[in-house]
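First up is the structure itself, then whatever we jot down about it.
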Amino acid sequence: MRILICDGPRSIGESAAHVLGGALRRRRRPTLGIATGSSPLEIYGAFARGIGIEDLDLSRLRAFALDEYVGIADDHPERYANVVDREVTTKLGLDPANVSVPDGASSDPDAAAERYERQIEDAGGIDAQILGVGTNGHIGFNEPGSPHDSRTRVVSLTAETRAANARFFDDISHVPTHAVTQGVGTIMGARTIVMVAQGEAKAEAVRHIIDGEVSTRWPGSILQRHPDVTIVLDEAAGHLLEFAGQYRTDAGYPA
Ligand code: GLP
């Protein structure tokens with residue numbers, strides 16, 4: 001695991017974009033795994049400025065989102081398909097036909113989840129996966145207890161996750177109770193993974209993920225077993241780490 005502590009959102013986004021871009025440039029038809037949530041937004045901003053992907057032909061880029069709410073209105077601004085459309089497809093000028101999001105509106109969400117898993121396989125897997133992290137250590141919507149070998153499936157959201165995401169809805173009762181998410185095993189299949197986290201609310205999860213035991217209690221801790229993971233943090237998210245002082249990079253990612 002490589003860990004970087006940056007001095008603010010812009011350098012987090014740029015550092016992450018450099019690492020991801022390096023992984024994407026190695027492939028002829030690269031596949032990017034995209035994440036919603038507020039933390040990854042700076043990465044899309046950096047990509048939109050050309051950072052990390054200067055010489056990449058974006059018309060060849062295929063993108064797969066991590067997760068989607070089940071049973072959210074089609075036109076709800078927080079439906080992840082709409083977030084991805086707004087924040088990624090439009091900002092980067094991608095062909096919408098090359099961008100996939102799990103189908104949370106399907107009348108058979110289990111079958112839709114299985115289809116999504118196959119679509120990722122058929123595209124040759126994910127070359128570079130972006131991850132945020134929940135306050136309870138979830139990755140995608142893989143809540144504590146998610147099996148390490150889980151694949152794309154329908155899950156129920158914990159009260160903690162629904163409360164954390166209530167800020168995006170009028171009221172907590174409007175936060176969906178279920179989601180379709182790539183599994184922990186699906187995520188671990190990505191060739192390169194970059195996780196970003198910001199703010200004090202993530203500090204405990206970050207500590208368990210980096211310094212703790214690998215366990216299903218803190219789903220992101222499985223990343224310790226992945227051969228190519230970079231975790232990019234701000235000071236507040238990283239301050240509980242045993243070696244926090246060694247990870248600081250004021251100058252952004254070293255070229
Ligand atoms: C949601 C998403 C996760 C994301 C998390 C953290 O629950 N399903 O993929 O990592 O939010 O979001 P934020 O970065 O806004 O704290």
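Note: hydrogens, waters and symmetry copies are ignored here, and every other heavy atom, side chains too, is used. Along the sequence shown, the residues carry numbers beginning at 1. In this text, all values refer to a predicted model and were calculated from it rather than measured experimentally. Order of listing sets the numbers, starting from 1, for every ligand and every atom in it.
Residue contact check: Tyr80 has heavy atoms under 4.0 Å from atoms 1 (C), 2 (C), 8 (N) of ligand 1. Residue contact check: His138 has heavy atoms under 4.0 Å from atoms 1 (C), 3 (C), 5 (C), 7 (O) of ligand 1. Atoms of ligand 1 found under 4.0 Å from any heavy atom of Arg167, numbered from 1 in the order shown, are 13 (P), 15 (O), 16 (O). Proximity to Lys202 (heavy-atom distance under 4.0 Å) selects the following atoms of ligand 1: 6 (C), 13 (P), 14 (O), 16 (O).
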Inset, instruction - With side-chain hydrogen bond (donor to acceptor under 3.5 Å, both in side chains) as the test, would you mind laying out the steps for Glu200 and His239 before giving the verdict? - result: CA-CA 8 Å; Glu200 173 63 35; His239 80 102; 2.7 Å; yes
Legend entry - side-chain hydrogen bond (donor to acceptor under 3.5 Å, both in side chains) between Glu143 and Thr158, worked out: CA-CA 7 Å; Glu143 300 281 41; Thr158 60; 3.0 Å; yes
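For the pair Leu157/Thr177, no side-chain contact is recorded, criterion being any heavy-atom separation below 4.5 Å from C-beta on. Residues Leu66 and Tyr80 form no side-chain contact, since every pair of their non-hydrogen atoms from C-beta on lies 4.5 Å or further apart.
The shortest contact between atom 12 (O) of ligand 1 and any protein heavy atom is with Gly37 CA, 3.7 Å. For atom 14 (O) of ligand 1, the closest heavy atom belonging to the protein is Ser39 OG, 2.6 Å. Distance from atom 8 (N) of ligand 1 to its nearest protein heavy atom, with residue and atom name: Asp67 OD2, 2.8 Å.
Side-chain contact of Ser106 with Asp108: a donor-acceptor pair under 3.5 Å is absent, judged by distance alone.
Within the 4.0 Å heavy-atom cutoff, Gln198 does not count among the residues contacting ligand 1.
Across Gly132, Gly140, Ala164, heavy-atom proximity to atom 10 (O) of ligand 1 is greatest for Gly132.
At a threshold of 4.0 Å, the pair Asp55-Arg25 counts as salt-bridged, since one of the basic side-chain nitrogens sits closer than that to a carboxylate oxygen. Ion pairing between a basic and an acidic side chain is recognised when a charged N comes within 4.0 Å of a carboxylate O; Glu114 and Arg151 show no such pairing.
The shortest N/O to N/O separation between Val133 and ligand 1 falls below 3.5 Å.
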